[in-house]
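Quick notes on the structure that follows.
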Amino acid sequence: MPPVKKDYKKVTTNSLQEMKKKGEKISMLTAYDYTLARIVDGAGIDVILVGDSASNVMAGHETTLPITLDQMIYHASSVVRAVVRALVVVDMPFGSYQGNSIEALSSAIKIMKESGGHSIKLEGGSEIIESIERILTAGIPVMGHLGLTPQSIYKFGTYTVRAKEEEEAEKLLSDAKLLEQAGCFAIVLEKVPSTLAKKVAESIRIPVIGIGAGNNVDGQVLVLHDMLGMIQEFNPRFLRRYLNLSDEITSAVQNYVADVKSKDFPNEKEQY
Ligand code: KIV
């Protein structure tokens, strides 16, 4: 395995832009708790996203909509306590920024103050540009999120690939340029055709980090629990599994249960 590049002592929004300039791909994963964030950071990841996918992965909700601002802050502050090197991006949850730009700014400030995160991410383009601009003027770095935006699931109706039609693809490209112009430091592009993702990445100077957007973008992001194989039921084409942790944990727990039942655990050396 090639060594993990750790050129950047602490990854910042500027380092990500330098990586794009140099053609070095950006690695990003989600984390929602101290223990896993510590492992992921120590392994050399560039960016940790405290995603609102915590709503699904940590709390078992069907969508990302129910998670609250305080719950996101709880997850983010646990991650921040673990991280030494990665840039921590915190998702703004549904309902915390869509109302108006003043509400958006006060939610973003609350996240930054109470979690210690380094930046925030929100979903959408022209519809929320005023909020993005207001947050940026307060000195808070913003990552955009275009393509499949799970907070709008009830508008789309499905989690299928977005922007296959020309009209939606054009809107997406113009939104990406708008986010760059406004001053976002990067954009997540979720589940869009790889040809469109390539065009977006080539049209703007800020990094485009893809999930289900092919290989011609500036970096990749996955949900940690998916790539570790902790959730068996979720099998989209874009997901590469690096472990089958669900099987590993099941077998460890079964062994423990058997050892307790058979009175094998604890043995003489495992007691006082
Ligand atoms: O919440 C999340 O995990 C995300 C990723 C899918 C990019 O937004």
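What you see is a predicted model; the values in this text were computed from it and never measured. One-based numbering, in listed order, for ligands and for the atoms of each. For reference, positions follow the sequence shown, starting with 1. Any value given below was found using the heavy atoms of this structure, including those in side chains, with hydrogens, waters and symmetry copies removed.
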Judging by distance only, is a nitrogen or oxygen of [X] under 3.5 angstrom from one on ligand 1?
X	result
Glu190	no
Thr30	no
Lys121	yes

query: Is it true that atom CZ of Arg241 has more than 12 heavy atoms of other residues, nucleotides or ligands lying nearer than 6.0 Å?
result: yes
message: Could you work out, for atom 4 (C) of ligand 1, the closest of Val221, Leu49, Val57 by heavy-atom distance?
response: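 It is Leu49 whose heavy atom sits nearest to atom 4 (C) of ligand 1.
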Under 4.0 Å from a heavy atom of [X]: which atoms of ligand 1 are those, numbered in the order shown and with their elements?
X	value
Val223	3 (O)
His145	8 (O)
Asp91	1 (O), 2 (C), 8 (O)

For a quick test of your reading: what N or O donor-acceptor pairs under 3.5 Å do the side chains of residues 216-225 make, sequence neighbours left out?
| residue | atom | partner | partner atom | Å |
| --- | --- | --- | --- | --- |
| Asp218 | OD2 | Lys20 | NZ | 2.9 |
| Asp218 | OD2 | Val208 | N | 2.7 |
| Gln220 | NE2 | Gly214 | O | 2.9 |

task: Find the distance between CG (Leu16) and CD1 (Ile206) and round it off to the nearest 0.5 Å.
output: 11.0 Å
- prompt: Taking 4.0 angstrom as the limit, do Lys198 and Glu202 come out as a salt bridge?
  reply: yes
Within residues 187-197 or reaching into it, pairs that qualify as side-chain hydrogen bond (donor to acceptor under 3.5 Å, both in side chains) - sequence neighbours excluded: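 Those involving residues 187-197 are His145-Glu190.
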field: Polar side chain donor-acceptor pair, Ser53 to Tyr32, under 3.5 angstrom
entry: yes
- line: for atom 3 (O) of ligand 1, nearest protein heavy atom and its distance come out as Ser53 OG, 2.5 Å
